[in-house]
Every structure is written in structure tokens, then in C-alpha cells.
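Whatever order the structure lists them in is the order used to number ligands and atoms, beginning at 1. Bear in mind that the values here come from a model prediction, so they are computed numbers and not experimental data.
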Amino acid sequence: MSTRDREVYTVGSKSFTAVAVNTAAKAGEWIKTKLGAHSKLATKMSSHDLVTEVDKGSEALIRNLIMTHFPHHSFLGEEGVEPGPEAAAEALEAHQHTEYLWIVDPIDGTTNFVHGFPFFSVSIALAYKGEVIVGVVYDPCRDELFVAEKGKGAYLRGQKMGVSDEMRLSDSLIGTGFPADRSALPVNMIGLQAIVPQVRNVRTAGSAALHLAYVAAGRLSGFWEIGLNAWDLAAGALLVQEAGGTITDTKGAPYSLSVRHVLASNGKIHEEFRGALKQAGALGDN
Ligand code: IPD
Ligand code: CA
Ligand code: CA
């Protein structure tokens, strides 16, 4: 067999973004057909950390579609990694010299999916040499597909998205979440107790990726959470940046794939928001 015969066949002429969009849409539509119809419910790290056959099926579908178009790219999906922060850090480390890395959460908001609460998403990002260049978050229940390309903006239904205008924490609607790793719960509760009285209100709707998309769309002024993983954040981080917002870790360092304690906002409230968490001792251990 000649070298040419052995070359992996690649389906031609599709952009990274087109593949991310089509794949997220396809996975989301399939997940929606399984709403209320999953058959296998298991727990991972704790009784709060759920997984179903639909999470695994969605990841397999996404991986197959992406690998069909880009067989030489690498893939990091939540369901391919052992539960827990150490395994997640190791998986990321293993890809540190990878050129093109797809980072996927096949259902972000599994608890909502299991309970039939219509707020979950598919999150697909592509990083080039560690920097996210494409981010797609798809909400199948509302048929909302949020898409961003590095340097080209963030869009929803063809309209450019922009972050909200609030200048003060007191005028802000803030999102947060409670991670499956319950060792972070004490610091979460401290943060919540400090933030609730200082803002207009707080929402904890159960999908970090969608919360970030909502910051990008100006529906939330900001979002923070302790103890997230690369697949929860990568796509949403680019959405926030490309919509003109700011995303850092809770200590203020710029977003990177290894960030676990995240702070995202419209930019205008970022320092006040960070200051409030800092004063409460709720930044988490980095
Ligand atoms: C979870 C969701 C939730 C957040 C948790 C995540 P999963 O992801 O994003 O909103 O609070 O920290 O683990 O487990 O549904 O993919
Ligand atoms: Ca997730
Ligand atoms: Ca998930």
C-alpha cells in the first residue's frame, strides 16, 4: 500500500465553525428526543454528579461527526475523562502540545435534563495551541444557538450579541452554580451569601455554558462559579469575550483552558464583582 493510500480520508471544504454548529445542532436535537426518556441514570463523583446514556450517546455522536471532518484533530470530551478535578487536569495536561483540540460537554446541565427542567446545552469549542478559536453553545429547548469565532464576534440567530450595560453590581443580574465537586460548596455558600444582598438578583439555572452564553447575550450581567472544568467553560468563554465582556479566573488572571474558578461579566462590573467575592473570602483555592 502506498503512503497515499494509507492517508486518512477527510471530508473536504467545511469550516471549523460550520462543523461545530452543525454538530451541536444535531446533538441537541437528538438529546431533545430523549427528554423524559432516558433509561440509565448513574452517579459519578458524588450523588450530585449525574450521567445518563444520553450524555454518552451525545458525546459519541459529536466525536464521530467531528472526527469525520477532522480526523487529525484531538478530542477532549467530559465523558471520556474520569470524574474529579485531578483527572480533568491530567487530561488537559496530556493535550498541552496539541495543535487543534475540540473540547466538548455533550450535555451541560444533566441534572436539569434528568428532571425535565428545560435548561441544558451542548457545548463545543475548538482550541488552537491552547487558545479557543470557535465556541458554540446550543440550547435545544429554545432552539438557540450561540456561536463565536475568535476576532469575528459572537452571534445568535445571525444577530451580533453584546454584553449588558450595567455599571454597578447593585443593578446587576448575576448567575452562579453549584458544582458536582461538593468540596467547593462551603466557598460557594460564602460567595452566595455575600453577593445576593449586593445585586439585583441571582440565578442558578444549572448550565454553566448557557449562563456564559447569557452573559454574552446581555441577559445576565455576570456569572461566577467555583470548580468548573474546561468543557464547561471553553465555548462560553469565547462567547463572552467576543460579545465584549470579560472573563478571568476569580483572582483576575486571564481566562485559559485550565481555569476552574471563573468570573465572567459585562466588563463594567468586573472589578466590583471580584472585589465583593474577594472581601467575602469566596475566590476559591486556585
Ligand atoms: C454542570 C452544570 C452546572 C454547574 C456544574 C456543572 P454537567 O455540568 O454546568 O450548572 O453548576 O458545576 O458540573 O455535569 O451538567 O455537565
Ligand atoms: Ca458541564
Ligand atoms: Ca456534562
Side-chain angles (χ1 to χ4, degrees), residues 24 27-28 30-31 34-35 38 40-63 75-85 87-88 91-92 102-125 135-141 146 174-189 191-192 195 202-215 220 223-237 239-240 249-250 257 259-264 284:
W30 180 73
I31 292 165
K34 300 286 177 186
L35 198 53
H38 65 274
K40 290 188 198 120
L41 178 61
T43 55
K44 298 202 273 189
M45 196 169 37
S46 70
S47 60
H48 307 281
D49 196 7
L50 306 180
V51 64
T52 70
E53 82 282 8
V54 185
D55 297 76
K56 293 177 184 163
S58 172
E59 183 156 317
L61 183 156
I62 294 167
R63 180 193 270 268
F75 188 92
L76 174 65
E78 178 180 13
E79 305 312 333
V81 179
E82 289 296 314
L92 207 52
W102 292 85
I103 303 162
V104 169
D105 192 334
I107 303 180
D108 186 53
T110 299
T111 305
N112 287 345
F113 170 74
V114 165
H115 287 263
F117 185 94
F119 195 86
F120 48 84
S121 60
V122 176
S123 176
I124 299 181
V136 173
V137 174
Y138 181 51
D139 169 357
C141 296
F146 303 86
I174 298 294
T176 189
F178 305 107
D181 177 2
R182 288 298 150 119
S183 63
L185 203 52
V187 75
N188 255 276
M189 299 312 288
L192 201 58
I195 292 296
V202 170
R203 300 287 178 257
T204 60
S207 165
L210 259 189
H211 278 127
L212 289 172
Y214 277 29
V215 173
L220 286 172
F223 169 77
W224 97 98
E225 188 167 337
I226 305 297
L228 289 170
N229 289 301
W231 44 81
D232 303 305
L233 294 173
L239 286 168
V240 171
D249 70 8
T250 49
L257 293 181
V259 166
R260 298 181 54 78
H261 307 332
V262 76
L263 184 71

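Near Asp105, the atoms of ligand 1 lying under 4.0 angstrom from a non-hydrogen atom of the residue are 16 (O). Shown in contact with Asp108 at under 4.0 Å from a heavy atom are these atoms of ligand 1, numbered in order with element: 1 (C), 2 (C), 7 (P), 8 (O), 9 (O), 15 (O), 16 (O). Listed by atom number, the atoms of ligand 1 under 4.0 Å from Asp232 heavy atoms are 8 (O). Annotation for ligand 1: atoms under 4.0 Å from non-hydrogen atoms of Leu228 are 12 (O). Those atoms of ligand 1 with a heavy atom of Gly177 less than 4.0 angstrom away are 11 (O). Atoms of ligand 1 lying under 4.0 Å from any heavy atom of Glu225, numbered from 1 in the order shown and given with element: 4 (C), 5 (C), 11 (O), 12 (O). Within ligand 1, the atoms closer than 4.0 Å to a non-hydrogen atom of Thr110 are 15 (O), numbered from 1 in the order shown.
Side-chain atoms of Asn188 do not come within 3.5 Å of backbone N or O of Phe178 as any donor-acceptor pair. Side-chain atoms of Asp108 do not come within 3.5 Å of backbone N or O of Ser123 as any donor-acceptor pair.
Each of Leu61, Thr52, Val122 was scored for a side chain to side chain contact (heavy atoms under 4.5 Å, CB included) with Ile31, with one residue passing: Val122. If you run side chain to side chain contact (heavy atoms under 4.5 Å, CB included) between Leu210 and each of Phe146, Tyr138, Phe223, Phe120, only Phe146 comes through.
A 4.5 Å side-chain heavy-atom check between Trp30 and Ser58 finds at least one atom pair inside the cut-off. In this structure, the side chains of Thr111 and Phe117 stay at 4.5 Å or more apart for every pair of heavy atoms. Residues Ile62 and Trp102 have side chains not in contact (no heavy-atom distance under 4.5 Å, counting atoms from C-beta outward). Val259 places a side-chain heavy atom less than 4.5 Å from the side chain of Asp249. Between Ile174 and Arg203 there is no side-chain heavy-atom pair separated by less than 4.5 Å. At least one side-chain heavy atom of Phe75 sits under 4.5 Å from a side-chain heavy atom of Glu59. Between Val104 and Trp231 the shortest side-chain heavy-atom distance does not fall below 4.5 Å. Contact of the Leu220 side chain with the His211 side chain is registered, since non-hydrogen atoms from C-beta on lie closer than 4.5 Å.
When heavy-atom distances to ligand 1 are checked against a 4.0 Å cut-off, Trp231 has no atom that comes that close, whether in backbone or side chain. Proximity of His211 to ligand 1, defined as any heavy-atom pair under 4.0 Å, is not found for any part of the residue.
Closest heavy-atom approach to atom 10 (O) of ligand 1 within the set Ala209, Pro179, Gly206, Pro83: this belongs to Gly206.
Polar contact with ligand 1: present for Gly109 (N/O pair, distance under 3.5 Å). Some N or O of Ser207 is nearer than 3.5 Å to an N or O of ligand 1, by distance alone.
At a cut-off of 3.0 Å, measuring from the Ca ion (ligand 2), the protein N, O or S atoms that fall short of it are Asp105 OD2, Asp108 OD1, Asp232 OD1, waters left aside.
Residue contact check for ligand 1: Ile107 places a non-hydrogen atom closer than 4.0 Å to it. The closest approach between any non-hydrogen atom of Glu78 and ligand 1 is below 4.0 Å.
Rounding to the nearest 0.5 Å gives a distance of 10.5 Å between CZ of Arg260 and CD of Glu225.
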